[in-house]
Amino acid sequence: MFHKTLLSTLVLVTSATSLANSPTPIDPLADLPFYNQTESGYSLDFDGKNYRSLETTVNGETIKFRAFEKIVYVKNPVEADYQTINFYVPEAYFNDQEINGFNANSAPIFLPNAVGGYMPAKAATYDKKGLGASDKPNAIQVALSKGYVVASVGARGRTLEKEGVYTGKAPAVIVDLKAAVRYLHANDSKMAGDANKIISNGTSAGGAVSALLGASGDSADYAEYLKQLGAAEASDSIFAVSAYCPIANLENADMAYEWEFNGVNQYSRMDMSRLTAQGFNDRSQPKPRIEGELSAEEIKLSAQQKAMFPAYLNSLNLKDKDGKPLTLDEQGNGSFKEYLRSIIQESAQTAYRQLAQNSEEWTNFRNQYSWLSFEKDSIAHLDWDKYIHSEKRMKSPLAFDALDLSTGENNLFGTDKINNQHFTDYAQQHSTATNASLADKNIVKLMNPMNYIKNKGSAEHWRIRAGTSDRDTSHAISAILAIKLTMAGKNVDYATPWGVPHSGDYDLDELFNWADSIVK
């Protein structure tokens, strides 16, 4: 029988449901009550009594599981609809069975977040026809099929407002994720899965906060925020991080962006004004776009930001795996640029070798990428400048701390009363916005995983992915993070998948193969 406390007393409260016949709601759980609400508030003790028995199909296999949903993970929620966990457990674990070598006590806990654009995100569900609709099984379903327990988490975001007060500005999103992890640690003896094997997962801004969650485990910097929410008195450290295209290191991201994309003057970007929180976080839906070309002033800004990047990069004292320095000269050239070029070329080589020699796809590949030089069945060289100019940029300068305070990141660093703020000295000094203010540098610090890599409670295992066609942030951002983690002795799996745009969860089999390799 199930050996963890209380779980043997589970009571079925709804009949089994076939997900194939589920409707397609915006929020499949909207009508469900909060799992742990009491007359006096929210209990942080998991009782295991209320759940739904469900099933889904993954790759032709029927997966039965129990769903404990809308668990509010703090005693004093500010936005209870967002500060929840959806907890999913394979049914086999209630019958003393194993999946993939895991049992009820040893199963790792997969912790996905649905954060996008630092917008508010409700905890994602198993229902692929609900949040994040797709024809393919979502990450939650795949995780269950591979024997993982799933703790899908929601978090506040930058646009939330209640009675004239903004409730989701930085650092709310990371504080919420930490509170959720604390709930899992505090209830480890009562819940399926091993809270010492939590693996976070996120994409874009969600990838950034996944990385931040992993880096900043148990840091005292967040203690007062967690106390205010009534978070459980427990650890908020995690075992491993999966971060897809992380929009991180925001205070240095403008410089990095222009270092990479300077000279690319045409852009194609999302129209943020036409996106709701729900629409932004649903990555299955096409996003409205704006096409244009940089103005003369923006081209000047790009050059200035590019010129600022080498000093920042060199201040990091980066080294490759052989201990050789990775640096840039004043023109932005040097060993770091060559390192990143080689990473992209390696990705091209991997994709090329997967094609049958002399096939139509093989020929098309050679013809399509004029900036690759071929030698027999190998790629001899990737021309960096031609690669950079092969696609439009996504953002115009300043990409993140806009001079007119128009970006989502400006919105993120607002306060409870101020909607948008600058978060770099450069943007504040050159601001075109009326009465612009600068975010508290301590708040900016709390949102950057780079500041916590040497933190005692940081995760040991990291998987970072940023596609070669991603133009949402510079590839330097993910590379710097991966290099610094490796230098700190972490186990890092970093790659730039060929032809992949700004996206995540596109390689779930590979993701869980990696996860298996670090937990078994």
Side-chain angles (χ1 to χ4, degrees), residues 25-44 68-87 111-125 130-132 151-184 200 202 204-206 208-210 212-213 222-232 236 275-282 408-421 439 443 446-447:
I26 293 178
D27 181 358
L29 308 182
D31 294 331
L32 288 183
F34 291 118
Y35 182 89
N36 53 331
Q37 188 168 17
T38 68
E39 293 182 357
S40 58
Y42 296 90
S43 170
L44 296 190
F68 308 83
E69 295 156 307
K70 295 182 72 171
I71 303 170
V72 178
Y73 49 69
V74 289
K75 291 181 180 178
N76 310 316
V78 179
E79 299 279 0
D81 284 336
Y82 295 91
Q83 294 170 293
T84 64
I85 296 172
N86 293 332
F87 194 66
L111 188 112
N113 72 71
V115 174
Y118 291 100
M119 301 282 268
K122 292 184 178 180
T125 77
L131 300 174
S152 174
V153 293
R156 288 170 292 164
R158 59 184 173 83
T159 59
L160 288 177
E161 183 180 3
K162 183 184 294 182
E163 298 177 353
V165 174
Y166 299 111
T167 59
K169 304 299 186 184
V173 59
I174 184 60
V175 173
D176 284 355
L177 295 185
K178 283 177 168 291
V181 171
R182 286 190 172 202
Y183 181 93
L184 295 173
S200 71
S204 190
V209 293
S210 179
L212 181 55
L213 181 66
Y222 305 85
E224 186 58 35
Y225 296 99
L226 290 160
K227 182 178 179 181
Q228 291 172 9
L229 289 177
D236 52 65
L275 287 171
T276 64
Q278 190 63 49
F280 196 104
N281 292 333
D282 182 355
E409 289 76 20
N410 290 132
N411 194 229
L412 169 69
F413 286 111
T415 70
D416 59 348
K417 294 294 186 181
I418 303 172
N419 200 21
N420 303 290
Q421 289 193 123
I443 300 296
L446 294 176
M447 295 302 297

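Values in this document were obtained by computation on a predicted structure and should not be read as measured data.
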Peer 1: Tell me, please, whether Tyr82 has Lys122 positioned over its six-membered ring: NZ or CZ under 6.0 Å from the ring centre and within 45 degrees of its axis?
Peer 2: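 Positive - Lys122 is close enough to the ring of Tyr82 and near enough to its axis.
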Peer 1: Provide the closest heavy-atom pair for Tyr183 versus Leu44 in the form atom of the first, atom of the second, distance.
Peer 2: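 It is CE1-O, 3.6 Å.
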Peer 1: State, yes or no, whether a side-chain contact exists between Phe87 and Leu184 at a heavy-atom distance under 4.5 Å.
Peer 2: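 In short, these two side chains touch, coming nearer than 4.5 Å.
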Peer 1: If every non-hydrogen atom of Leu213 is compared with every non-hydrogen atom of Ser200, which pair is closest and at what distance?
Peer 2: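 Heavy-atom minimum between the residues: CD2-CB, 4.0 Å.
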Peer 1: Testing the basics here: between Gly154 and Leu177, what is the closest heavy-atom pair and its distance to 0.1 Å?
Peer 2: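 So the minimum-distance heavy-atom pair works out to O-CD2, 4.4 Å.
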Peer 1: Asn86 side chain to Ala123 main-chain N or O, any donor-acceptor pair under 3.5 Å?
Peer 2: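 Answer holds: yes.
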Peer 1: Nearest 0.5 Å, what's the NZ-CG distance between Lys178 and Leu226?
Peer 2: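 CG of Leu226 is found 7.0 Å from NZ of Lys178.
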Peer 1: Is it true that a side-chain atom of Ser152 and a backbone atom of Ala124 form a donor plus acceptor pair closer than 3.5 Å?
Peer 2: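 At least one qualifying donor-acceptor pair exists.
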Peer 1: For the backbone of Glu79 and the side chain of Lys162, can you confirm whether one donor and one acceptor N or O come within less than 3.5 Å of each other?
Peer 2: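 Looks like no, no N/O pair under 3.5 Å.
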Peer 1: I need the minimum non-hydrogen distance between Ala180 and Ile85, along with the two atoms involved.
Peer 2: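 Looking at all heavy atoms of both residues, the closest pair is O-CD1, 3.8 Å.
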Peer 1: Is there a donor-acceptor pair under 3.5 Å between the side chain of Tyr118 and the backbone N or O of Val173?
Peer 2: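 No, because the side chain of Tyr118 does not come within donor-acceptor range (under 3.5 Å) of the backbone of Val173.
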Peer 1: Keeping Asn113 on the side-chain end and Gly206 on the backbone end, is there a donor-acceptor pair under 3.5 Å?
Peer 2: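 Yes; at least one donor-acceptor contact below 3.5 Å.
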Peer 1: Does a side-chain heavy-atom distance below 4.5 Å link Tyr42 with Ile71?
Peer 2: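 Not in contact.
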Peer 1: Check whether any side-chain heavy atom of Val153 sits under 4.5 Å from a side-chain heavy atom of Asp176, and report yes or no.
Peer 2: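 When only atoms from C-beta onward are counted, Asp176 and Val153 do not touch, as no gap falls below 4.5 Å.
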Peer 1: In a check of side chain to side chain donor-acceptor pair (under 3.5 Å) between Lys169 and each of Asn419, Thr159, Asn420, Asp416, which one passes?
Peer 2: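 Answer after filtering Asn419, Thr159, Asn420, Asp416: Asn419.
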Peer 1: How about Asn76 and Gln228: do any of their side-chain heavy atoms sit closer than 4.5 Å?
Peer 2: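 Side chain of Asn76 against side chain of Gln228, heavy atoms only: no contact under 4.5 Å found.
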Peer 1: Please check if the side chain of Arg156 supplies one atom and the backbone of Thr167 the other of a donor-acceptor pair under 3.5 Å.
Peer 2: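 Such a contact is found between Arg156 side chain and Thr167 backbone.
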Peer 1: Could you tell me which non-hydrogen atom of Ala231 sits nearest to which non-hydrogen atom of Ala179, and how far apart they are?
Peer 2: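 Taking Ala231 first and Ala179 second, the nearest heavy atoms are CB-CB, 4.0 Å.
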Peer 1: Just verifying a value: how many Å separate Leu29 CG and Glu69 CD, rounded to the nearest 0.5 Å?
Peer 2: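 Rounded to the nearest 0.5 Å, the CG-CD separation comes out at 4.5 Å.
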Peer 1: Side chains of Tyr73 and Val181: does their closest heavy-atom pair fall under 4.5 Å?
Peer 2: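 The answer is no, as the side chains (C-beta and beyond) never meet within the 4.5 Å cut-off.
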Peer 1: Do side-chain atoms of Arg158 reach the backbone of Asn410 as a donor and acceptor pair under 3.5 angstrom?
Peer 2: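 Not at all, since once roles are kept as given, no pair shorter than 3.5 Å links the two residues.
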Peer 1: Can you label the angle between the Tyr35 ring and the Phe68 ring as parallel, tilted or perpendicular, going by 30° and 60°?
Peer 2: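 Perpendicular: the ring planes of Tyr35 and Phe68 meet at over 60°.
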Peer 1: Mind checking whether Tyr222 and Asp236 have side chains closer than 4.5 Å, heavy atoms only?
Peer 2: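 Not in contact.
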Peer 1: With a 4.5 Å heavy-atom cut-off, do Gln421 and Thr415 have their side chains touching?
Peer 2: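 Touching, per the 4.5 Å side-chain cut-off.
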